[in-house]
Amino acid sequence: MSEFKLSSVEEFEKATERLLETGAKVGADSWQLRVKNQTPHCKFGEKGICCRICSMGPCRITPKAPRGICGCDAHGIVGRNFLRFVAGGAATHSDHGREICHTFTHVAPDGDYKVKDPEKLLRIAKEWGVETEGRDIYDLAHEMAELALMEYGKPYGVQRWLSRAPEHTQKLWHDAEIEPRAIDREVATAMHMTHMGNSSKAEALIRQSLRSGMSDGWGGSMAGTEFSDIMFGTPKPVDTEANLGVMKEDEVNIIVHGHDPSLSEMICEYAEDPEMIALAKSVGAKGINVAGVCCTSNEVAMRRGVPMAGNFLQQENVVLTGACEAIVVDVQCIFPALGPLSKCFHTKFITTSKIAQMPDSEFILFEAGSAGEKARKIVRMAVENFVNRKKELVHIPQLKQKATVGYSVEAIIKTLDGVTNSQVDETGTTKPLLDCITSGVIRGAVAMVGCNNPRVRPDSAHIGLMKKLIANDIIVILSGCSAQAAARAGLMDKQAKELCGDGLRRVCELADIPPVLHMGSCVDISRMVVLASQLAKDSGLNISQLPVVGCAPEWMSEKAVSIGNYVVATGIDTFLGVEPQVTGSSEVVWWLTEGIRDWVEASYFIETDIDKLGDRMIARIEEKRSALGI
Ligand code: MSK
């Protein structure tokens with residue numbers, strides 16, 4: 001009898017309660033307290049019917065005041081707010097991608113950043129029509145970095161990556177006028193359209209929302225993922241561990257948090273430097289332990305097996321252990337609360353990007369040109385801080401689970417194709433996966449993504465849905481904080497196959513995979529649309545016909561909505577467990593949940609009852625199967 005056991009949400013909560021007791025002793029604030037202070041939330045904001053885009057207002061829509069001062073109605077106000085929300089997310093992901101491209105301009109054989117996956121570089125160069133024959137790989141890398149950066153501002157044409165989609169999908173995009181042009185242009189157009197006195201027609205605003213989202217997923221995020229892979233290695237399955245128990249009482253703990261692997265990769269490198277390890281020993285530590293939070297964690301877990309301490313709503317918990325020497329952040333999803341919180345402990349809160357500057361932090365500007373030097377400095381600061389630990393405040397919850405992560409598209413194809421074809425190389429196909437789906441051994445797939453949100457009991461929706469789906473023979477692919485929820489629960493342990501229906505369990509056994517596959521960080525949702533495209537091409541079906549849906553049950557950020565838009569625009573129905581702030585306009589709700597289906601053959605489904613959300617996804621997958629006669 002196996003001893004495998006999942007960690008429960010109740011166990012997560014118990015661990016958090018114990019940490020909050022430490023917090024109370026030192027006068028620390030917490031998100032749990034701030035949620036109470038902020039509840040109830042503003043109803044106008046929740047419905048999206050507050051307009052603050054000019055200084056005649058703010059205007060709020062009520063039955064007595066159905067129009068703002070300029071005459072805009074609820075549909076225009078909600079649509080404009082929604083588009084700005086999407087533009088914020090698209091800008092953020094895409095700027096992450098741009099930073100990666102800039103870092104890529106620095107690759108050198110003897111530099112801090114190198115080309116680790118030359119095959120992928122050659123593949124993309126050929127895809128873009130760039131001459132590769134006889135070229136020095138670094139010379140080619142620099143040309144590709146320039147070309148990738150040009151995608152952000154090119155005056156003509158649409159995104160190069162679109163040609164990866166099936167022709168049918170590309171035609172839909174063309175006909176719907178949502179092919180993204182230059183990445184920055186789609187964000188600028190969104191801001192222009194929503195300026196006072198421009199668009200107030202819901203249809204036009206939603207169309208541009210899709211286009212802006214597309215500039216993220218089929219533009220900036222895809223660049224971020226692909227060039228990260230070339231520089232840091234395309235992920236392959238690797239074993240790691242997850243949850244706060246990965247922090248070590250007798251070692252220097254450095255937590256990397258944020259999104260951009262350019263920093264965290266260097267921190268990991270220098271934490272392994274013998275000189276730094278010797279320094280750690282000289283201050284009484286047994287070594288240096290790097291662990292991650294949020295998507296930076298996903299990046300280094302997938303490529304190095306670096307343990308995952310937690311996801312978005314656990315970022316304060318790592319400091320509350322009293323055993324965190326430094327929390328080193330780059331960009332996005334970083335609570336400003338970490339500044340004051342770290343002051344209650346010995347923890348150094350180190351910000352490194354001009355994009356994310358915060359009070360009560362130590363700012364060490366991290367740039368590609370001096371990456372090694374800065375990483376060494378940061379690691380040294382953390383090590384030297386070990387002696388300042390207050391032993392009486394140290395408590396590391398003994399909760400952790402094994403996880404196998406690193407399922408890039410290439411790794412999925414190789415793993416599954418490898419079951420039936422021992423000769424598989426980089427050009428393998430998704431056919432074995434399609435065979436499993438067609439025969440009904442696997443009923444379909446769900447791409448589950450997104451954050452935590454205090455509006456949902458943290459991680460309960462992610463974990464509950466995953467358990468339900470795999471029990472129904474639906475394979476789940478994951479990214480972002482959803483992936484970490486799975487890992488912390490134990491669902492990425494290969495033993496979790498025990499929780500699957502008979503069909504999926506058999507596939508997990510044959511392919512030696514866990515039933516939920518970690519595909520990466522939030523920019524890596526671009527991997528998911530590439531996989532869907534490949535499945536469509538290999539099957540001869542349209543993406544929208546595949547028994548595949550997307551789901552973001554606990555989402556919270558602008559990026560998540562931008563992602564939702566490009567996933568839907570790719571032809572994948574997307575299920576949300578948190579309502580977007582659009583319910584003040586029946587027209588906008590209609591466009592998102594029905595109207596856009598005419599353009600892209602998919603739409604949003606919104607359901608805050610998580611059990612029903614699961615039922616609806618399963619029903620949708622079965623509906624698609626029936627339509628195909630499988
Ligand atoms: S980190 S955007 S909380 S997934 Fe990518 Fe997690 Fe959501 Fe941030």
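Just so you know, ligand 1 is whichever comes first in the structure, and atom 1 is the first atom listed for that ligand.
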Only one of T352, T296, T351 passes side chain to side chain donor-acceptor pair (under 3.5 Å) with D330, and that residue is T296
Next on the checklist: Once you measure the plane-to-plane angle for Y113 and F232, does it fall in the parallel (<30°), tilted (30-60°) or perpendicular (>60°) bin?
Outcome noted: perpendicular
Within a distance under 2.8 Å of atom 7 (Fe) of ligand 1, the protein atoms of type N, O or S are C451 SG
Check whether NZ of the Lys or CZ of the Arg R488 lies under 6.0 Å from the centre of the six-membered ring of F12 and within 45 degrees of that ring's axis.
yes
**Request:** Measure from the side-chain N and O atoms of D524 to the backbone N and O of S521, and report whether any donor-acceptor pair falls under 3.5 Å.
**Result:** yes
Can you list, pair by pair, the side-chain donor-acceptor contacts under 3.5 Å of residues 334-343, counting residues two or more places apart and other chains?
| residue | atom | partner | partner atom | Å |
| --- | --- | --- | --- | --- |
| S342 | OG | L338 | O | 3.0 |
| S342 | OG | G339 | O | 2.8 |

Which of T39, V578, V35 passes side chain to side chain contact (heavy atoms under 4.5 Å, CB included) with R455? Answer is V578
Residue, atom and distance of the protein heavy atom nearest atom 1 (S) of ligand 1 read H259 NE2, 3.2 Å
